[in-house]
Amino acid sequence: MSVRVRFAPSPTGYLHIGGARTALYNYLYAKACGGKLILRVEDTDLERSTKEYEQLQMQDLAWLGLEYDEGPEKPGEYGPYRQSERTDIHKKYAMQLVEQGKAYYCFCSDEELTAKKELAEKENRDPHYDGTCRNITLVEAQKRIEQGEKPLVRFKVPEKAYTLKDHVRGEVTFPKNMVGDFVMIRSNGMPVYNFCCVVDDYLMKISHVIRGEDHLNNTLRQLMIYEALEAPLPEFAHVSLLVGEDRQKLSKRHGATSVNMYKEDSYLPSAMVNYLTLLGWSHPEEKELFNLTELESVFALDRFSKSPAVFDLEKFRFINGQHLRELSDEKCVEAVSEILGSDSNYAAQSSEWRSEFISLFKEKVHFFSEYKGHLEDIFSTKYESSEALTEILGWESSPIILTYLKEQLASFDGEIVGSDQFSAWQDHVKKELKIKGKPLFMGMRGILTGKNHGSDLKRLIPLTPVSVLRDRLQNL
RNA sequence: GCUCCCAUCGUCUAGCCCGGUCUAGGACAUCGCCUUUUCACGGCGGUAACAGGGGUUCGAAUCCCCUUGGGAGUACCA
């Protein structure tokens, strides 16, 4: 049987990192098996779903490199791929179940239902639907519908236990009476998640359902529907959830939870893929740094961990830095251009300058956005008043170096102090002024950059315009 | 409340299914040292975990039970 998996987001917000992770696992499994990934938009909640979010989520998926084979924008044999466009199909199957006596119309009002539920809770009974409308005959029900009543459709839950075989959880048994007769079709005619999910997975020939553990309990209902529909069961894998540091479900107060935010913070998509994969899944050879393509050949459903994983920005940062270092200088130059914009000092420099700048700071930086600070440092003429710097400038050798460098800069003719020129100055200070060791190196650094640490001066000084150097020394 | 799921360093995890090779391995973070006359990168090393209690067994991180803690579901949300 050919492998067909799906990612089924609800377009009610930005793509969540948890959602991205399940999309990723589905993608990887499809690739690993030579199967297909289907994108199905679950927009039956008309109130909250929007086309904008749908678009945005698809963009984020594309940014991560998770291409799918069939979806709203990529029609295949099993469309449409938007659930809201499939209600006729859902209704058809619902009617089938009603006719077979496996589901029934329910005319109970909202008020009645909440009253019953509250009573049940008070009496410590399960707040399940009590089955009032279970025995209304189809003929009678149709008569009431003709008279204008707007019923919903409930599934008649069989009195038995169900067992689920799950790739992550193992065998999970749901005892009988765990759920009451649940709603399949709302009174407004829209089908409910648990029902259309099954109908669509069945019709779209989904072979493996890989999704978050929050759906584990739902699976019971879905098992019942598969059975009622006499549809073959897909295989299931319920992946553990992502949580915040406090072990609570990831939410806004934990910081950025949408893929979009990381994109804007200049995180690398490859790093995001790498890190997200690692949260709840482990490489057979315990590798921790990899890219999508490498994963495609080793991904398997038997290496998931069962417990929820804390999303840790610290490790994500490390991984991002590693991926950044893998990139060519050319790619980094381009990416940084986009981030810093066309009116920055960076854009104003020559392309040689830009690649030297990128290459010089590449080992220091974890994110592209961190280049901004380094850029500002190069063009800044201010002195940081730090204790360490004050100490350096306080050495008796420092004023001598300062005077010498001032003279040199005053008579210097050119835009850029090359590394040879810089070395010549350094040699002069060493040989003629007899300053060496720490006072030499730290003195030169402190005076020329206004900082007590930074990159190699031989590379940093040639990046710094002479005018900036002159101003700095003037400001001392 | 009821039902389901989960439990190894601070964090992500390997090991668990198929008990001994585990004085529990790796990674991030952290600390120290080396390297770089700074910083970073890199290298080396340290601190740090089988939730608790009962079984089963010659032997348990690994199998069973209970307790505790966490999560999810119990919707005309998905």
Side-chain angles (χ1 to χ4, degrees), chain A residues 8-12 19 42-45 47-49 83 106 108 110 113-114 117 120-128 150-154 164 166 168-170 172-175 177-180 182-194 196-197 211-221 238 240-241 243 245-249 275 278-289 302-303 305-319 321 325 361-366 388 392 436-442 444-446 449 451-457:
Chain A
S10 315
T12 55
E42 308 221 324
D43 55 351
T44 53
D45 183 354
E47 325 260 281
R48 297 194 296 148
S49 303
Q83 260 178 350
C106 171
C108 294
D110 240 343
L113 289 172
T114 31
K117 197 197 263 173
E121 265 164 21
K122 212 189 283 173
E123 291 176 0
N124 239 327
R125 286 181 289 120
D126 286 333
H128 297 159
K150 293 236 166 356
L152 47 80
V153 178
R154 278 183 195 278
L164 164 71
D166 190 278
V168 183
R169 310 283 136 189
V172 178
T173 302
F174 303 103
N177 292 332
M178 194 172 153
V179 292
F182 55 90
V183 175
M184 282 166 45
I185 308 281
R186 299 175 173 100
S187 48
N188 70 3
M190 287 304 280
V192 157
Y193 167 73
N194 277 306
C196 38
C197 176
R211 69 206 335 179
E213 200 199 346
D214 48 341
H215 288 288
L216 191 59
N217 285 300
N218 282 328
T219 312
L220 168 60
R221 277 167 257 241
H238 285 94
S240 65
L241 263 21
V243 293
E245 278 166 279
D246 52 359
R247 301 232 156 240
Q248 302 291 304
K249 202 166 143 187
Y275 183 56
L278 238 29
L279 289 174
W281 186 83
S282 61
H283 191 283
E285 288 155 37
E286 288 200 62
K287 277 195 186 171
E288 299 220 301
L289 264 8
D302 58 3
R303 297 205 56 88
S305 73
K306 296 175 168 189
S307 38
V310 175
F311 187 80
D312 178 28
L313 275 177
E314 205 66 61
K315 187 149 187 181
F316 191 6
R317 171 187 147 89
F318 165 79
I319 288 176
R325 261 153 233 148
F361 291 101
K362 203 163 161 189
E363 299 295 302
K364 290 175 117 58
V365 120
H366 288 86
I392 291 166
K436 54 187 180 187
K438 216 174 174 186
L440 196 219
F441 293 98
M442 290 305 283
M444 295 282 284
R445 174 179 296 284
T449 70
K451 291 189 169 37
N452 61 323
H453 57 79
S455 292
D456 183 8
L457 285 179

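Chain letters run A, B, ... following the sequence lines, proteins first and then strands; every chain starts at 1.
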Q. Is the backbone of A:L278 close enough, under 3.5 Å, to the side chain of A:S282 for a donor and an acceptor to pair up by distance?
A. no

(Q) Any base atoms under 4.0 Å from A:Y193, or only sugar-phosphate, or nothing? Heavy atoms, all strands. (A) base

Q. Using a cut-off of 4.0 Å on non-hydrogen atoms, how would the nucleic acid contact of A:R211 be classed: base, sugar-phosphate, or nothing?
A. nothing

**Q.** Nearest to side-chain heavy atoms of A:R325, which nucleotide of B:A78, B:C28, B:C41
**A.** B:C41

Q) Going from CD on A:E245 to CZ on A:F311, what distance comes out if it is rounded to the nearest 0.5 angstrom? A) 11.0 Å

Q: For A:F316 and B:A29, give me the distance from atom CZ to atom C1', rounded to whole Å.
A: 17 Å

Q. Which part of the nucleic acid, if any, lies within reach of A:N218 when heavy atoms closer than 4.0 Å are counted: base, sugar-phosphate only, or nothing?
A. base

Q. Any side-chain N or O of A:T44 under 4.0 Å from OP1/OP2 of B:A78?
A. yes

(Q) When the C1' atoms of B:U21 and B:U62 are compared, how many Å lie between them, rounded to an integer? (A) 14 Å

Q. Which is true for A:K451 with a 4.0 Å heavy-atom rule: it touches a base, it touches only sugar-phosphate, or it touches nothing?
A. nothing

Q) Does any nucleotide pair with B:G59 by Watson-Crick or G-U wobble geometry, both distances under 3.5 Å, and what is it? A) none

Q) Looking across every strand, which nucleic acid part, if any, lies under 4.0 Å from A:P175 by heavy atom: base, sugar-phosphate, or nothing? A) sugar-phosphate

Q: Please determine, for the side chain of A:V172, which listed nucleotide (B:C76, B:C5, B:A27) has the closest atom?
A: B:C5

Q: Just compare B:A72, B:C76, B:U74 and give me whichever is closest to any side-chain atom of A:K249.
A: B:A72

(Q) Whole angstroms only, please: what is the CE-C1' distance between A:M178 and B:A72? (A) 10 Å

Q: Look through every strand shown and name the nucleotide pairing with B:U21 as Watson-Crick or G-U wobble, where both distances are under 3.5 Å.
A: none

Q: Kindly say whether A:E363 contributes a backbone atom to a donor-acceptor pair with the side chain of A:R325 at under 3.5 angstrom?
A: yes

**Q.** Nucleotide B:U37, atom P - distance to CG of A:D456 in whole Å
**A.** 8 Å

**Q.** P spacing across the pair B:C22 / B:U68, given as an integer number of angstrom
**A.** 36 Å

(Q) What's A:K306 touching, base or sugar-phosphate or nothing? Going by heavy atoms closer than 4.0 Å. (A) sugar-phosphate

Q: Provide, to the nearest angstrom, the distance between the CG atom belonging to A:L216 and the P atom belonging to B:G70.
A: 20 Å

Q: Under 4.0 Å between any heavy atoms, over every strand shown, what does A:H238 touch: base, sugar-phosphate, or nothing? Just pick one.
A: nothing

Q: Could you say whether A:V168 or A:V365 is positioned toward the 5' end of RNA chain B, judged by the nucleotide with the nearest heavy atom to each?
A: A:V168

Q | Side-chain (A:T449) to main-chain (A:G446) donor-acceptor, under 3.5 angstrom | A | no

Q. How is A:K117 classified with respect to the nucleic acid when contacts are heavy atoms under 4.0 Å: base, sugar-phosphate, or nothing?
A. sugar-phosphate

Q: Write down the distance separating the C1' atoms in B:A29 and B:U11, rounded off to the nearest Å.
A: 8 Å

Q) In the structure shown, which nucleotide is the Watson-Crick or G-U wobble counterpart of B:U37, with both distances under 3.5 Å? A) none

Q) What one-letter contact string describes nucleotides 8-15 of chain B from 5' to 3', where B marks a base within less than 4.0 Å of any protein heavy atom, S marks contact via sugar-phosphate atoms alone, and - marks no contact? A) ---SBSSS

(Q) Give me the distance, rounded to whole Å, that separates B:C63 from B:G20 when you measure between the C1' atoms they each carry. (A) 14 Å

Q: Write down the partner of B:A75 under the Watson-Crick or G-U wobble criteria, each distance required to be under 3.5 Å.
A: none

Q.
Would A:E213 and A:K306 count as a salt bridge (Lys or Arg N to Asp or Glu O under 4.0 Å) here? Give the steps.
A. CA-CA 9 Å; A:E213 200 199 346; A:K306 296 175 168 189; over 6 Å; no

Q: Under 4.0 Å between any heavy atoms, over every strand shown, what does A:S10 touch: base, sugar-phosphate, or nothing? Just pick one.
A: sugar-phosphate

Q.
When the C1' atoms of B:C31 and B:G10 are compared, how many Å lie between them, rounded to an integer?
A. 14 Å

**Q.** Span that lies between the P atom of B:A51 and that of B:G46, in whole angstrom
**A.** 24 Å

Q. Salt bridge or not for A:K315 and A:E288, using N-O below 4.0 Å?
A. yes

(Q) When the P atoms of B:A24 and B:C6 are compared, how many Å lie between them, rounded to an integer? (A) 27 Å

Q) Taking a pair as Watson-Crick or G-U wobble with both distances under 3.5 Å, which nucleotide is matched to B:A48? A) none

Q: Indicate, yes or no, whether a donor-acceptor pair under 3.5 Å links the base of B:A78 to the side chain of A:D214.
A: no

**Q.** Heavy-atom donor-acceptor pair, A:D45 side-chain to B:A78 base, under 3.5 Å
**A.** no

Q.
List the residues meeting side chain to side chain contact (heavy atoms under 4.5 Å, CB included) with A:D45, not counting sequence neighbours, and say none if there are none.
A. A:E47, A:R48, A:S49

Q: Report the distance from atom CD of A:E42 to atom P of B:A78, rounded to the nearest whole Å.
A: 8 Å

Q. Quick check: does any side chain N or O of A:Y275 sit under 3.5 Å from a backbone N or O of A:D312, one acting as donor and the other as acceptor?
A. yes

Q) Looking only at atom types and distance, does a side-chain atom of A:D166 sit under 3.5 Å from a main-chain N or O of A:H238, one as donor and one as acceptor? A) yes

**Q.** Backbone of A:K451 reached by a side-chain donor or acceptor of A:R445 within 3.5 Å
**A.** no

Q. Among B:C28, B:A78, B:G71, which is the nearest nucleotide to the side chain of A:L241?
A. B:G71

(Q) I'd like to know whether A:R221 forms a side-chain contact (heavy atoms from CB on, under 4.5 Å) with A:F174, so could you lay out the CA-CA distance, the side-chain angles of the two residues, the decisive distance to 0.1 Å, and finally the verdict. (A) CA-CA 10 Å; A:R221 277 167 257 241; A:F174 303 103; over 6 Å; no

Q | Length of the line joining A:R317:CZ and B:U30:C1', which is rounded to integer Å | A | 14 Å

Q: Grab the CD-P distance between A:Q248 and B:A72 for me, whole Å please.
A: 7 Å

Q.
If I pick the P atom on B:G52 and the same atom on B:U8, what distance separates them, to the nearest angstrom?
A. 11 Å

Q. Tell me: NE2 of A:H128 to P of B:G73, nearest whole Å?
A. 15 Å

Q) Checking all strands, does A:T12 fall into the base, sugar-phosphate, or nothing category for heavy-atom contacts under 4.0 angstrom? A) nothing

(Q) Under 3.5 Å for both donor-acceptor distances, Watson-Crick or wobble: does B:A7 have a partner, and if so which one? (A) B:U68

